[in-house]
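What follows is a short report on a single structure.
Sequence lines set the chain letters: A, B, ... in the order given, protein chains first and strands last, and positions in each chain run from 1. Hydrogens, waters and symmetry mates are skipped; everything else that's a heavy atom, side chains included, is used.
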Protein chains: 2
Amino acid sequence: MTAVQRPANRGRGRPRSTEHDDAILDAAVSLMREVGYARMSMEAVAAAAGVSKPTLYLRYAGKAELVVAAHERVRVGDAPAPTGDLRADLVAQLRHLHDVFARLGMSVIGVCLTEEESLPDLIAALRARSLEPGRQMMRDAIARAVHQGALSDGADAETAIEMAIGAYYARYLAGRPFDQGWPERVADATLRALGAPPA
Amino acid sequence: MTAVQRPANRGRGRPRSTEHDDAILDAAVSLMREVGYARMSMEAVAAAAGVSKPTLYLRYAGKAELVVAAHERVRVGDAPAPTGDLRADLVAQLRHLHDVFARLGMSVIGVCLTEEESLPDLIAALRARSLEPGRQMMRDAIARAVHQGALSDGADAETAIEMAIGAYYARYLAGRPFDQGWPERVADATLRALGAPPA
DNA sequence: CATTTACTATACGTTGCGTAAAGCTGCCGG
DNA sequence: CCGGCAGCTTTACGCAACGTATAGTAAATG
């Protein structure tokens, strides 16, 4: 646990290979999906990426950090853009949530929870770089709806957002499948929770 | 990973010490809260419980299983009884959820997520013995309210339950504090999501 | 009393994380 | 064009922690 995240690459010696950057993250994502966090070894990631082990540790301070980085990359991949329609934006955000975890699994969350006491920076990074952007998008969409008069001003937006996003976690934990209409059902329930007039 | 959960204690040889049972689970709970899952070692649990390491493995097949058992015990401790008032029951269940994780931390959930691919029985046990009972209590409370006519029949109960419980997970992950009015805010939002007439 | 099971103490095998040492390799700055 | 810095490889290692094996003692039942 000594290596640095990214030492302000001033062009001194040999530059870091971006192809290796990609290969490492791709390998991490694949292995994560295939065998999960517990059975994924750093040796295996290095091998799959065609890279030596010290190269991994040059970039990431440890297994946990690597996994969080992999998650961030997947997450940022195709974040939905706001459309102006609150319901549509909620649905899009919920679908996105599902897509992300369908590609990586929820192990990432698990790591942050099990290491919370030992590596507090980890969950902080996850929050700042992956979780918070999603919430912010929902906050904006709600504020826009209020501004348009489609929603009354007193709506408890934070609670509604927590419930919408949380619905994903709870359903995943419960082991229930994510069927076709799930995002719509949650979006509609969220709108009701916000006090929106029934469609 | 060979030991058995509980080999049908027919009173043949020396009976298993229930004091040891308790000491082990108590030690696990304490250490869990103090250092988290990642830094909690089986040796430390054994030492804190005043027990030798093989005694641990006589009861639990591994660290993960031990932690899930500890969680179950805390959870069952003081599960709230239904009162007949839906809002009160929702609030009670949410408070209970918070109490449980305040005592143990969310590492338990983390373990189940990181080991999901390697130990599927683990998350299954968590679901059956800890998660499902809480959901069932909420389901019953909602069904009762429908029966009393306080709620219309078409309410999407499962989605509402997912959102109510999930709100806890999402807020925890976001790192926000659980202030005084949180359970009430979520309960009220849940009632609105269920289409309950405003109080 | 014999048997069966629990428990202790100790030591061990194994896995996998993270690091260290030594030596090339490629790129930038002067 | 060349000195030097940083990236990369190979190999090997230290080490923590999980889980197990062995041998002997303790406590219950029939």
**OP:** Could you tell me the separation between the CD1 atom of A/Ile24 and the C1' atom of D/dT9, rounded to a whole number of Å?
**Re:** 13 Å

Original post:
To the nearest Å, how far apart are B/Tyr37 OH and D/dA16 P?
Top reply: 19 Å

**OP:** Kindly state whether the ring of A/Tyr169 and the ring of B/Tyr168 have centres lying under 6.0 angstrom apart.
**Re:** no

Original post:
Between C/dC7 atom C1' and B/Asp21 atom CG, what is the distance in whole Å?
Top reply: 13 Å

**OP:** Output yes when at least one side-chain N/O atom of B/His20 is less than 4.0 Å from OP1 or OP2 of C/dC7, else no.
**Re:** yes

Subject >> Under-4.0 Å side-chain N/O to phosphate OP1/OP2 contact, A/Thr55 with D/dT9 >> reply: yes

**OP:** Taking all non-hydrogen atoms of both residues into account, name the closest pair between B/Asp188 and B/Arg87 and its distance.
**Re:** OD1-NE, 2.6 Å

Original post:
Can you check whether B/Arg12 has a side-chain N or O nearer than 4.0 Å to OP1 or OP2 of C/dT5?
Top reply: no

**OP:** Measure from the ring center of B/Phe101 to the ring center of B/His71 and say whether it is less than 6.0 Å.
**Re:** yes

Original post:
Do any side-chain nitrogens or oxygens of B/Arg59 fall under 4.0 Å of OP1 or OP2 in C/dC7?
Top reply: yes

Original post:
Roughly how many Å is it from CD in A/Glu19 to C1' in C/dG26, rounded to a whole number?
Top reply: 13 Å

Original post:
Nearest to the side chain of B/Leu58, which nucleotide is it out of C/dA6, D/dC8, C/dT4?
Top reply: C/dA6

**OP:** Return the 5'-most residue of the pair A/Lys53, A/Ser17 with respect to DNA chain D, ranking by each residue's nearest nucleotide.
**Re:** A/Ser17

Subject >> B/Asp89 versus B/Ala141, closest heavy-atom pair with distance >> reply: OD2-CB, 3.8 Å

**OP:** Check the distance between D/dC18's P and B/Leu119's CG and give it to me in whole angstrom.
**Re:** 14 Å

Subject >> Interatomic distance where CG belongs to A/Leu66 and P belongs to C/dG18 [whole Å] >> reply: 10 Å

**OP:** Ignoring the backbone of A/Lys63, work out which of C/dG18, D/dC18, D/dC8 is nearest its side chain.
**Re:** C/dG18

Subject >> Length of the line joining B/Met42:CE and C/dT10:C1', which is rounded to integer Å >> reply: 18 Å

**OP:** Using only side-chain N and O atoms of A/Arg14, determine if any of them is under 4.0 Å from OP1 or OP2 of C/dT25.
**Re:** no

Subject >> Pairwise 5' ranking along DNA chain C for B/Thr18 and B/Glu43, keeping only the more 5' one >> reply: B/Thr18

**OP:** Nearest whole angstrom, please: distance from the P of C/dA6 to the OH of B/Tyr60.
**Re:** 14 Å

**OP:** Quick one: label B/Ser41 by what it contacts on the DNA or RNA (base, sugar-phosphate, nothing), any heavy atom closer than 4.0 Å.
**Re:** sugar-phosphate

Original post:
Where do B/Leu86 and B/Ala145 come nearest, in terms of heavy atoms and distance?
Top reply: CD2-CB, 3.8 Å

Original post:
If you find the nucleotide of DNA chain C closest to A/Pro54 and the one closest to A/Arg39, which residue's nucleotide is nearer the 5' end?
Top reply: A/Arg39

